[in-house]
Asks: 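Here you go, one structure.
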Amino acid sequence: MNRWKNYIIPAFYHIRHNLSFAIFYVLGTALAFVFIAIVLQLVYSVVGNEPPMVNADRIVCVDEFRDGQGCLLDKIPAEETASFMESIRGCELCAVSHTEVTDVFGEYTFVTNSVDYVNADYWHVFRFEFVEGRAFLREEFENKQPVAVISESMADMLFKGESPVGKKIECQKVVYTITGVVKDVSVFTTGISGKVWLSDKYNTFAPSGSRYHEIYVLFPDGVSVSTAKQEIVRVVKDYYARRGEIAIISAETLYTMKESQVHQIGVQLLLYGVPVALLILLFVPSINIMTLSVANSDKQSEEIAIRRAIGASRRALFFQIMIENLMLVVIGVFLGLLLLFPVVHVIEEVCIKEVIGGMEFLVTRINFGVILGCILPLMLVFTLLTGGFSAYVAVKKNLAEVLKGGIK
């Protein structure tokens, strides 16, 4: 315990007496790690099984297909969706979704936004986190009850912070009862743009007039991805064959929801772009801080030389300087994580709401696996980059020359 005190107490002393350097160090670290955390969390949103994509590796989406000439085939009409899903063998559940852009009227205001018409199984295929209430039940769906689920952000807009569960919203002259509110999710997690989910029993396919559903097929844990894809290939080929058409489809060209998200973002971007971005975020601020660290260590040269003269080893002195740097980096990383959501909010306001005109969210949570598995190791690397060189230079200086005043 006393040994650690011998490292920590001098570190606090140096920080207190070099406050301007310490502040620059902490702010530079915070700025670097707030963007590192954003990048890592966005990557995890794509590749990790975050809600509602808990089952993303087992969900196969039935979307558009092409014929032998490369022309798009007509999608499966809504009237034939049920029979198509019944022909899929070995699946656990099938969800349907149809998106329209329309006006949604709440208690205080209305918004024009995309809404998703879904069936009851949608809430079992996609595992949204409910902050209030629940998903609408299969009985409510089958009995044609006008029920709805909305997101947190939509609830704030339509009901001004009041609890919306049990209250009404109106969409296309149908009044729906809200059964639950789900957490907002990152657009990188799902690609789902809707903030309102309505019972598909009241879907009039207006105003688009496109009478098609997106079909999501969830297979059990025991079914391999290859087997699941081959079953979808069989059903799709049989369906179009009955219509006298040939669908060019194979298990290799069919994606699970996880694979689809990865391909939309770009495999090359994830493999090469993200590591390059992290390296830039690590090295650019670390070079600036390292330059100041070298200058700061020069001020400590005489103290270091005296401690060496009375018996302190170079290794112990190097470790002491690195402890000081680590303390500053830890404070900076902690500050960066505290600033994560304010910075993300500014990016969303400037880049998404003002420029694109959307209501999307980049980061809605901090995953502790990302912090423990990625940010903490990068924190140690950053400490070595910013303080390792200056500490090495400080302890390698000639003892006699420093004490004589020849080397500062």
Side-chain angles (χ1 to χ4, degrees), residues 46 53 55-91 93-102 113-119 121-122 125-126 187-194 197-198 200 203-219 223-271 356 358 360:
V46 176
M53 305 301 285
N55 301 317
D57 293 321
R58 300 191 288 125
I59 302 172
V60 181
C61 180
V62 180
D63 196 7
E64 295 180 330
F65 305 101
R66 296 180 181 271
D67 60 17
Q69 285 72 45
C71 299
L72 283 174
L73 296 169
D74 290 337
K75 289 185 177 182
I76 301 166
E79 296 78 12
E80 300 179 26
T81 298
S83 60
F84 177 87
M85 293 190 299
E86 289 172 359
S87 64
I88 302 172
R89 297 194 296 257
C91 70
L93 291 169
C94 290
V96 298
S97 175
H98 176 84
T99 304
E100 295 286 349
V101 177
T102 185
N113 199 68
S114 58
V115 300
D116 292 323
Y117 290 92
V118 300
N119 63 351
D121 287 339
Y122 182 89
V125 174
F126 296 102
V187 68
F188 286 86
T189 301
T190 63
I192 296 172
S193 58
W197 294 266
L198 307 175
D200 191 57
N203 187 1
T204 61
F205 301 93
S208 72
S210 175
R211 302 186 63 83
Y212 304 106
H213 285 117
E214 289 185 350
I215 303 172
Y216 304 96
V217 185
L218 174 65
F219 285 87
V223 177
S224 67
V225 173
S226 175
T227 302
K229 290 181 178 180
Q230 288 170 3
E231 176 60 16
I232 297 298
V233 168
R234 180 192 69 80
V235 176
V236 169
K237 285 187 173 182
D238 288 349
Y239 172 81
Y240 284 104
R242 290 194 299 270
R243 296 173 53 174
E245 298 173 305
I246 298 176
I248 305 302
I249 178 178
S250 65
E252 290 72 27
T253 59
L254 200 62
Y255 294 146
T256 63
M257 289 295 292
K258 175 65 65 61
E259 293 168 342
S260 178
Q261 276 298 99
V262 170
H263 279 80
Q264 284 180 19
I265 299 300
V267 176
Q268 299 298 319
L269 177 62
L270 292 174
L271 289 179
I356 303 176
E360 308 302 338

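As a basis for the values below, the full set of heavy atoms in this structure was taken, side chains included, without hydrogen atoms, waters or symmetry mates.
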Asks: Between Glu100 and Ser208, do the side chains contain an N or O donor and an N or O acceptor separated by less than 3.5 Å?
Replies: yes
Asks: For residues Asp63 and Tyr212, determine if any side-chain heavy atom of one lies less than 4.5 Å from a side-chain heavy atom of the other.
Replies: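 No, every pair of side-chain atoms sits at 4.5 Å or beyond.
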Asks: How about Arg66 and Ile248: do any of their side-chain heavy atoms sit closer than 4.5 Å?
Replies: no
Asks: Answer yes or no: is there a side-chain heavy-atom contact under 4.5 Å between Asn55 and Val125?
Replies: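 A side-chain contact under 4.5 Å is absent here.
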Asks: Suppose we screen for ring-ring contact (aromatic ring centres under 6.0 Å, His included). Which residues come up paired with Tyr240, at least two apart in sequence or across chains?
Replies: none
Asks: Does a side-chain heavy-atom distance below 4.5 Å link Leu218 with Ile59?
Replies: yes
Asks: Could you label the plane-to-plane angle of the His98 and Tyr117 rings as parallel, tilted or perpendicular, counting under 30° as parallel and over 60° as perpendicular?
Replies: tilted
Asks: Using modelled atom types and a 3.5 Å cut-off, is there a donor and acceptor pairing between side-chain atoms of Asn119 and backbone atoms of Val96?
Replies: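 A pair under 3.5 Å: yes.
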Asks: Looking at Arg58 and Phe219, would you say the former's side chain and the latter's main chain have a donor-acceptor pair under 3.5 Å?
Replies: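 It does hold such a pair.
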Asks: Of all the heavy-atom pairs spanning Ser87 and Arg234, show the shortest one and how long it is.
Replies: O-NH2, 3.1 Å
Asks: Going from OH on Tyr216 to SG on Cys91, what distance comes out if it is rounded to the nearest 0.5 angstrom?
Replies: 16.0 Å
Asks: For Lys229, is there an ion pair with Glu259 - N to carboxylate O distance below 4.0 angstrom?
Replies: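 Lys229 and Glu259: salt-bridged.
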Asks: How long is the straight-line distance from SG of Cys61 back to CD of Gln261, given to the nearest 0.5 Å?
Replies: 10.5 Å
Asks: Would you give the length of the straight line joining atom CD1 of Ile215 to atom CD1 of Ile232, rounded to the nearest 0.5 angstrom?
Replies: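 Nearest 0.5 Å value for the CD1-CD1 distance: 8.5 Å.
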Asks: Ignoring hydrogens and geometry, is there a side-chain-to-backbone donor-acceptor pair from Glu231 to Arg89 under 3.5 Å?
Replies: yes
Asks: List the steps and the verdict of side-chain contact (heavy atoms from CB on, under 4.5 Å) for Phe65 and Ile76.
Replies: CA-CA 10 Å; Phe65 305 101; Ile76 301 166; 5.6 Å; no
Asks: Is any side-chain heavy atom of Phe84 less than 4.5 Å from a side-chain heavy atom of Thr81?
Replies: no
Asks: If you take all heavy atoms of Lys75 and Arg243, which pair is closest and at what distance?
Replies: O-NH1, 3.9 Å
Asks: Do His213 and Asp200 have side-chain atoms, one donor and one acceptor, less than 3.5 Å apart?
Replies: yes
Asks: Rounded to the nearest 0.5 Å, what separates atom CD in Glu64 from atom CD in Glu214?
Replies: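 Separation between the atoms: 9.0 Å.
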Asks: Measure the shortest side-chain to side-chain distance between Asp67 and Glu245 over non-hydrogen atoms and say whether it is less than 4.5 angstrom.
Replies: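 With C-beta onward as the side chain, the pair stays apart.
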Asks: Is there a side-chain contact between Val118 and Phe126 (heavy atoms, below 4.5 Å)?
Replies: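 Side chain of Val118 against side chain of Phe126, heavy atoms only: no contact under 4.5 Å found.
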Asks: Please name all residues satisfying side-chain contact (heavy atoms from CB on, under 4.5 Å) with Thr253, sequence neighbours left out, ordered by chain then number.
Replies: Ile249, Ser250
Asks: Write down the atom of Ala251, the atom of Val233, and the distance for their closest heavy-atom approach.
Replies: N-CG2, 3.6 Å
Asks: Which atoms form the tightest heavy-atom contact between Asp121 and Cys94, and what is the distance?
Replies: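 Nearest heavy atoms, Asp121 then Cys94: CB-O, 3.4 Å.
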Asks: Can you see which heavy atom on Ser260 is nearest to which on Tyr255, and at what distance?
Replies: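 Minimum heavy-atom contact is N-CB, 3.9 Å.
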Asks: Between Phe205 and Ser210, which heavy-atom pair has the shortest distance, and what is it?
Replies: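 Here Phe205 and Ser210 meet closest at CD2-O, 3.2 Å.
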Asks: The criterion is side chain to side chain donor-acceptor pair (under 3.5 Å); which residues satisfy it with Asp74, sequence neighbours excluded?
Replies: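 For Asp74 there are no side chain to side chain donor-acceptor pair (under 3.5 Å) partners, ignoring immediate neighbours.
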